[in-house]
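Taking it in order: structure first as structure tokens, then the write-up.
Within every chain, numbering begins at 1; the chains are lettered A, B, ... in the order of the sequence lines, protein sequences first and strands thereafter. Keep in mind the model is a prediction, meaning the values are calculated, not measured.
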Amino acid sequence: MHAAKRQQLEQSTRYEPREVEARVFDEWMEGGYFHPEPTGTPGENFSVSIPPPNVTGALHMGHALNGSMQDALVRMNRMRGRNTLWLLGTDHASIAVHAVLERELRAEGVSRHDLGRERFMERAWAWKEEYGSQIVEQLKRLGASCDYERERFTLDPSYVRAVHKVFKHLYDKGYIYRDNYMVNWDPGSRSVISDLEVENREVTDSLFSIDYPVEGIDRVLTVATVRPETMLADTAVAVNPADERYADLVGKFCTLPLVGRRLPIIADDHVDPEFGTGALKITPGHDVNDFEIGRRHGLEEISVIGPDGRLNEQAGEFEGMSVAEARRAVAARLREEGLLRDEQPYTHAVPFSHRSGERIEPLISLQWFCRMDELAKPAIEVVERDEVRIEPEQWKRVYLEWMRNIRPWCVSRQLWWGHRIPVWYCGDCEETIVVEEEPERCPACEGTALRQEEDVLDTWFSSALWPFATLGWPDETPDLRAFYPTSFLTTARDILFLWVARMVMMGIEFTGEIPFQDVYVHSVIQARDGRRMSKSLGTGIDPLEEIDARGADALRFGLLAMSSTQDVRYSDAKVEQGSDLANKLWNAGRLILLNAAEVEPAPRAARIEDRWLLSRLEKTIASVTEKLEAFDFAHAVQECYGFVYGELCDWYLEIVKPRLYEGEEDVSATLLYALERVLALLHPTMPFVTEEIWSFHPARDGHLAVHAFPVADEARFDEEAEAEIAEGIALTRRLRAWRDLVGVPAKAVLPAVIDGMAPAEFVARLSRFAFDGVGSEPVASVGPVRVLASAELDAEAVGERLAKRREELGAEIQRAERKLANEGFVAKAPPIVVEEERGKLERYRAELAELG
RNA sequence: GGGCGUAUAGCUCAGUUGGGAGAGCGCCAGCUCGACAAGCUGGAGGUCACUGGUUCGAGCCCAGUUACGCCCACCA
């Protein structure tokens, strides 16, 4: 090591992530390690497509967790020598961008419609160029080893081609169609949204009971509704066909109050005779159920609420009111007329827009839909056959359940930022033209009066193509040939349907192959108090702040350690554990690198503790590797922690320090070897600190990022050495505990003798005993050790300790005797278990006898 | 309405096929031991939500109860 480097290492008694991370990341980028050439086959290669974050997004804990998981597996496979691509990109996030920009516009006092489509789009692109890539920069802070030279965006020109081709294909197959249908209208974004973007919330409304007079006779039908304003669009009243109370009224008419419309009284099974009066007002234009009933009975569909969430010209005196205003006004008018029979508080589930947070207005609208049943079939089969493995298992069932009941997907959105639907309408012959590229003339009539569809596609329509569209599809590109299908996908469960399921369907339909082999559904990190982490609640924790405070490795370790199959609260302690581990590694590295003799790293098993360390190391490598491959990140990183702290540092380094300081070559070689393997093993989860320590290692011949990942060497597994050292460790612990209990000064070296075989050399040193028998009478026994009287020992304390131990042993003996006296246990338990119990009893008895 | 999940130490969480309850943090006590005070050593702390059952033996299996969380769903 150069003198300057040596001095740097000597002086840095703490690991400083801030100083290291930016520099190390630049080195990786300069090395070009994250940018693979498109060679090899998907089977040989390893590839992952990042779940594309929204361009509106900033890195949040979900990204940080997901990124830590992906990077761990990506780095591990890259180190294994596989040609590895982690494809990076962002999603155009139609609605989210609209929300951001329209807020800006509102502040300027204009709407997007004032601005016009073209200028709005210019503005959106400018916004995207300025802010859209901030999250990419933030991923670098995390250490994500994405291919930053292959960044994709879901509105790239090549991506647009892919979307058009897919749309046309699905249209030609008859899956995509245009229809007037009941949709979820989001007054907030002024667009339709899909079922999956609707969330139901419990709301307490009033349940109004309204009298509808029956025509021609002196009776009323009392209907119950939480939405009296929609009565203006009623076109029938329905009762259950089996309901005898109303059997004579079916076929008659009643008069719609305030409006005067004649409403047929119809019978339909949907009506629950138990609910309210058993009579249901039917509003096909503004209620999903009523829409279905209306279509069954051929009822007129009237709309009184417009896309702006206000009542329209059909609403008469209520025109122009908001829905809430109209509700109050209609109720007031009914009260005046004496038709409002009752009003009760009523709690029920109400749909809200997941995007804008506003209450969904169900209304009938002309939209583009895609039927999914045929696409779902093969996507169900590949999951049933585990060609696509969804883990943990429960999510496989959730996926299948949803897919088996899949419904048409409303794919059009009344927005501008997005993929404009590739449909043109001919103004001359009214033909609908669906083509991949803008036509100049109508293919039917040669007319040129072509008008493109105004709507754009649901953002998730393009996201569904992500794994292959990013690799150049529909062209047969080298990237596609080398990296598709991808290896795995990690995701939070909230986009299992929105995104994952659709990628499987589209992947199979358009490439004939599954898009990925494994889907790992990870847990959600909640806020410290157990609430959801969310910007709007103010409960979010900023990963960048955590990285600033404790380092990227610490955050990565912490998140992986926290993650599990169930949701978990954010734990500062786990992140701290990560920074502790980074610091521990750094200092263990310093100890080894500054003191080892100049030798080639090699697993020299010169002494039994060396055999022990190598055995433990190789077993740890085997176990951690297995866990990483099984997506069990939490146990993998905690096992690394346990090995580094519990075995390497607490014991091995302490045991071999004298040999190391003497410059012994065997231990130097072994330590350098072990350090190299530990650094490589930990690099996928803690890339920065490991790379930094590696830069001081004498065997370094390049970056750790592309160093070989260790393969467990089973020939080093050594049960004999493990047993012997474990015994020495256990004895050391007992001696230390005994010293502490009887209050021996920490520095005092106690005289003692050993019965039987001498324990390992380190026991005396690390427990500060002198087993040389120089001293007077034995005063206490600790296992095989007879402690001799000395000035440092307090006779009374020793006596108390002995009494306590006798008591403990007595209890243990009783427990064991009781168990062995149980005939059932002796007869039915496996013999080995019974034998173990007998062995324990013997040992306890022996120790008690020894104590006298 | 249907489905899924979770209740274990003060806190956050582990606990493989049923065989003496674990980790990290926190707490208490003691340590400037030639890497690390972001350190080292030792310790205290648990009726495994509740009730029943199966078993020689249950945190783990079965039935039920309670509480909390999530997903799906067209009862006004």
Side-chain angles (χ1 to χ4, degrees), chain A residues 9-10 13-15 182 195 199-200 207-208 223-227 230 238 270-272 274-283 287-293 346 348-349 362 394-395 397-398 401-402 405 493-494 496-497 524 526 528 530 532 550 554 561-562 564-574 576-577 579-595 634-635 638 641-642 649-650 653-654 657 660-661 732-733 736-741 743-747 765-768 812 815-816 819 822-830 832-834 836-837 840:
Chain A
L9 198 54
E10 271 168 1
T13 59
R14 283 181 184 175
Y15 173 62
M182 172 76 38
D195 296 338
E199 62 182 40
N200 289 300
L207 182 65
F208 298 91
V223 300
T225 180
V226 290
R227 305 202 57 192
T230 64
H270 173 262
V271 181
D272 176 5
E274 304 293 320
F275 189 93
T277 59
L280 176 64
K281 75 189 223 14
I282 301 299
T283 321
D287 183 277
V288 187
N289 296 313
D290 294 4
F291 176 77
E292 299 288 343
I293 294 170
Y346 185 71
H348 62 145
Q394 74 225 42
W395 300 110
R397 292 197 301 271
V398 170
E401 180 66 17
W402 185 75
N405 296 300
R493 59 175 174 270
D494 55 348
L496 190 61
F497 307 144
V524 173
Q526 302 166 332
R528 291 180 247 263
R532 207 163 57 82
R550 298 202 170 273
M562 274 175 242
S564 70
T565 53
Q566 65 167 309
D567 291 355
V568 70
R569 298 177 185 205
Y570 186 80
S571 162
D572 296 287
K574 284 286 191 296
E576 208 167 310
Q577 202 181 339
S579 70
D580 288 350
L581 178 57
N583 190 55
K584 197 72 177 174
L585 272 174
W586 174 250
N587 278 292
R590 286 175 64 228
L591 175 68
I592 295 166
L593 295 167
L594 290 170
N595 294 285
H635 290 104
Q638 305 220 52
Y641 179 94
C649 294
D650 288 353
L653 289 178
E654 294 302 329
K657 264 181 187 172
L660 181 61
Y661 289 133
T732 305
R733 286 212 156 110
R736 281 171 171 171
W738 184 87
R739 294 176 62 108
D740 204 65
L741 262 170
V744 185
K747 288 181 116 173
R765 179 163 45 87
L766 297 183
S767 61
R768 288 177 187 259
E812 288 301 320
R815 190 194 57 76
K819 200 159 182 179
N822 181 334
E823 282 171 29
F825 175 71
V826 179
K828 296 187 184 177
I832 189 163
V833 175
V834 179
E836 275 172 16
E837 202 60 39
K840 283 180 204 163

Where the side chain of [X] is defined as all heavy atoms beyond and including C-beta, which of [options] is the nearest nucleotide?
X	options	value
A:Lys584	B:C31, B:C40, B:C33	B:C40
A:Lys819	B:A38, B:C56, B:G20	B:G20
A:Arg815	B:C31, B:G19, B:G20	B:G20
A:Ala737	B:C75, B:G42, B:G19	B:G42
A:Asn583	B:A38, B:C31, B:G20	B:A38
A:Val833	B:G19, B:C40, B:C36	B:G19
A:Asn200	B:A73, B:U41, B:C36	B:A73
A:Gln577	B:G24, B:C36, B:C74	B:G24
A:Val288	B:C74, B:G20, B:C56	B:C74
A:Asp272	B:G24, B:C75, B:C36	B:C75

Given Watson-Crick and G-U pairs under 3.5 Å, RNA chain B in dot-bracket ([ ] crossing, | other strand) is (((((((..((((.....[..)))).(((((.......))))).....(((((..]....))))))))))))....
Quick one: sort the A:Trp586 and A:Tyr15 rings into parallel, tilted or perpendicular, breaks at 30° and 60°.
-> tilted
5' priority, RNA chain B, between A:Glu812 and A:Ser579 [closest heavy atom] | A:Glu812
Reckon [X] touches a base, only the sugar-phosphate, or nothing at all at heavy-atom distances under 4.0 Å?
X	value
A:Lys657	base
A:Arg768	base
A:Glu576	nothing

Any side-chain heavy atom of A:His270 sitting closer than 4.5 Å to one from A:Leu280?
-> yes
Residues at least two apart in sequence or cross-chain that pass ring pair (Phe, Tyr, Trp, His ring centres under 6.0 Å) with A:Phe208, listed by chain then number, are none
Summarise protein proximity over nucleotides 1-18 of chain B in one line of letters, 5' to 3': B for base, S for sugar-phosphate only, - for none, counting protein heavy atoms closer than 4.0 Å.
-> -----S-----BSSS---
Taking atom types as they are modelled, is there a donor-acceptor pair under 3.5 Å from the base of B:G20 to the side chain of A:Lys840?
-> yes
